[in-house]
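Below you'll find the structure, written out as structure tokens, and then a few comments.
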Amino acid sequence: MGLFSTKRVSPQASWYLPDNDQYAYRDGTRLDTSSGYHPHRSTRFRNLETVDAKRRDRLPELYARRSECCGCSACAFACPQDAIALEPDEEGFDYPVVDAAACIGCSRCIDVCVFKNRGGA
């Protein structure tokens, strides 16, 4: 048997497109679920419809653009309510998803974010 396997592995065999129906952006708009490639543009929220407008303003915007998040999971570990989970996006990269119903708006996730706090370093 040689050093390299000749077995072909399909990258799609172990990965799937996420169900974007469950996500919304902070402003309440839903993610595009039409056919085709539509990557999310900023922080995704789950259970946003259960939160009133006043509480919605306190929800963290962990990243405004996907390039502002490296997927390190520091925000998820810092959250005292376990309201943040890293979930794959349309390309298979993990990004934080905030459970709006569980979030208390304490901003600990923002405080530990390397991208949000790199100006003072």
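Given the structure is predicted, the values throughout are model-derived calculations rather than measurements. Hydrogens, waters and symmetry mates are skipped; everything else that's a heavy atom, side chains included, is used.
Glu61 pairs by the salt bridge (Lys or Arg N to Asp or Glu O under 4.0 Å) definition with nothing, not counting sequence neighbours. Qualifying side chain to side chain contact (heavy atoms under 4.5 Å, CB included) partners for Arg55, counting only residues two or more places apart in sequence or in other chains: Val51, Asp52. Take Cys75 and apply the side chain to side chain contact (heavy atoms under 4.5 Å, CB included) test, not counting sequence neighbours, and it matches Leu62, Ile84, Pro96, Cys109.
Linking ILVMFWY side-chain heavy atoms closer than 4.5 Å, directly or via other members, places Phe115 and Val112 in two distinct hydrophobic clusters.
Of the possible donor and acceptor atoms, none in the side chain of Asp94 sits under 3.5 Å from a partner among the backbone N and O of Ala85. Using modelled atom types, one side-chain atom of Asn117 and one backbone atom of Asp111 make a donor-acceptor pair closer than 3.5 Å.
Looking at every heavy atom in both residues, Phe45 comes nearest to Pro60 through CZ-O, 3.2 Å. Closest of all the heavy-atom pairs between Leu48 and Tyr25 is CD2-O, 2.8 Å. Scanning both residues, Gly28 and Ala24, for their nearest heavy atoms gives O-CB, 4.3 Å.
Using a 4.5 Å cut-off on side-chain heavy atoms (C-beta onward), Glu49 and Arg30 make contact. Between Phe93 and Arg66 there is no side-chain heavy-atom pair separated by less than 4.5 Å.
The SG atom of Cys106 sits 8.5 Å away from atom CZ of Arg58, with the distance rounded to the nearest 0.5 Å. Rounding to the nearest 0.5 Å places OG1 of Thr50 at 9.0 Å from CZ of Arg56. Summarising the geometry, atom CG belonging to Asp27 is positioned 7.5 Å from atom OG belonging to Ser42; distances are rounded to the nearest 0.5 Å. One finds the CZ atom of Phe77 at 10.0 Å from the CG atom of Asp82 (value rounded to the nearest 0.5 Å). For the atom pair Tyr95 OH and Arg44 CZ, the distance stands at 9.0 Å (nearest 0.5 Å). Here Leu59 contributes atom CG and Ile104 contributes atom CD1; the two are 11.5 Å apart, rounded to the nearest 0.5 Å.
When the shell of 6.0 Å around CZ of Arg108 is examined, it contains 12 or fewer heavy atoms from other residues, nucleotides or ligands.
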